[in-house]
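One structure is given here, and the rest of the page talks about it.
All residue numbers in this chain count up from 1 along the given sequence. Values reported hereafter were calculated over all heavy atoms of this structure, with side chains retained and with hydrogens, waters and symmetry mates removed.
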Amino acid sequence: MHLLLKEKNRGFSLVELLIGLSITMIIVGAFINLLINQTDSYNDASLRQEMYLTGRIALDEIQREAMNAGTGLPGLFSSVQVLNATPGEPDTVTFIYIPPSDIALKLKTSPSATSQTCFLTDDSDVDQLVVSDHLIIWDETAWTIIEITHINVSNSKINFVPPVGVNQPWGLGHAYDPPTTHVARVAVYSITVDKDTDPDHPFLTKFRGGYPVGTIAHDIEDLQVKIIFADGDTASVANDTDADETNDAMDLRGILVTVTARSARPIEGYQLTEDGYYRQEFTSTISPRNIIY
């Protein structure tokens with residue numbers, strides 16, 4: 001009887017405990033490995049989704065500015081201008097348009113190329129202008145864009161410099177006749193990729209003339225823009241100096257934009273790229289609706 005009770009009260013042997021512990025560790029290890037794989041998959045999917053969103057945001061902003069290009073401008077020049085970078089570097093695209101405004105401006109004296117000054121009439125809304133504003137001045141044959149550096153409201157005098165990002169064939173040497181000349185505040189927005197400020201996270205940035213407006217989207221690696229001309233040709237830049245009349249700036253009918261986005265960080269074990277980053281190109285053909293042919 002005592003022997004039976006002893007047999008019933010006997011615990012697990014060391015071997016049994018070791019076997020049970022081993023099985024438990026295998027199960028826990030498999031669960032942890034599964035959890036790690038699921039976490040990695042989730043993180044990778046999040047990086048891809050974030051990359052997709054930033055690429056779309058970048059392209060949407062360029063499309064929005066392209067749709068504004070040319071609004072209110074005379075048909076004297078291309079309101080979409082491309083600065084082609086060196087091979088392997090991002091391009092810069094500039095959009096020019098007159099934003100809605102009830103400001104009244106009238107030229108009193110023609111801009112001086114030597115002193116970089118001009119005067120507006122006394123009834124002009126000079127007090128509505130601020131330093132860094134851009135003005136477009138045009139008559140029936142020529143146009144000039146200036147960037148304001150100083151304003152004297154008392155005598156309506158403006159000091160200026162040629163703005164960054166705008167190709168001005170006439171420069172400041174054209175003599176404007178004030179009674180037949182138009183003046184308006186103009187928007188000059190340039191978009192490009194900044195790869196220098198934070199090399200680990202290049203970003204699409206926006207400028208108003210030479211003044212930074214802000215970051216559009218992070219982890220944008222490249223921007224390439226080609227001009228689509230009236231005859232269907234494409235090129236990185238317009239050519240107004242050659243003998244033929246095709247592929248001039250005024251022949252621009254659209255732009256082909258390619259934005260390259262990349263993941264916020266490299267992915268361990270990802271072998272499709274040398275540095276381990278995910279990358280995706282976003283391409284759009286844009287025909288600005290306000291360009292005057």
For Glu147, check salt bridge (charged side-chain N to carboxylate O under 4.0 Å, His left out) against everything at least two apart and list the hits.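 So Glu147 forms no salt bridge (charged side-chain N to carboxylate O under 4.0 Å, His left out) with any residue.
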Would you name the heavy atoms of [X] and [Y] that are closest together and state the gap between them?
{"X": "Phe95", "Y": "Glu65", "answer": "CD1-CB, 3.5 Å"}
{"X": "Pro90", "Y": "Gln224", "answer": "CA-NE2, 4.0 Å"}
{"X": "Gln116", "Y": "Val161", "answer": "OE1-CG1, 3.9 Å"}

Side chains of [X] and [Y]: closer than 4.5 Å at any heavy-atom pair?
{"X": "Asp133", "Y": "Ile151", "answer": "no"}
{"X": "Asp177", "Y": "Asp139", "answer": "no"}
{"X": "Gln81", "Y": "Val166", "answer": "yes"}
{"X": "Leu83", "Y": "Asp91", "answer": "no"}

Does a side chain donor of either [X] or [Y] reach within less than 3.5 Å of an acceptor in the other side chain?
{"X": "Gln63", "Y": "Ser284", "result": "yes"}
{"X": "Tyr176", "Y": "Thr109", "result": "no"}
{"X": "His218", "Y": "Asp198", "result": "no"}
{"X": "Asp194", "Y": "Thr197", "result": "yes"}

Between Tyr189 and Arg208, is there a cation-pi geometry (under 6.0 Å to ring centre, at most 45° from the normal)?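 Because its charged atom misses either the 6.0 Å distance or the 45° angle limit, Arg208 does not stack over Tyr189.
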Check for a donor-acceptor pair, side chain of Asp125 on one end and backbone N or O of Ala104 on the other, with a separation under 3.5 Å.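 Present.
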Give the cluster check for Leu120 versus Ile148: same hydrophobic cluster or not, with ILVMFWY residues linked at side-chain heavy-atom distances below 4.5 Å.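 Both belong to a single hydrophobic cluster.
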Under 4.5 Å between side-chain heavy atoms, counting indirect links through other Ile/Leu/Val/Met/Phe/Trp/Tyr residues: same cluster for Val193 and Ile286 or not?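 Yes: a chain of side-chain contacts under 4.5 Å links Val193 to Ile286.
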side-chain contact (heavy atoms from CB on, under 4.5 Å) for Asn152 and Asn159? Distances and angles first, verdict last. CA-CA 9 Å; Asn152 190 328; Asn159 296 78; over 6 Å; no
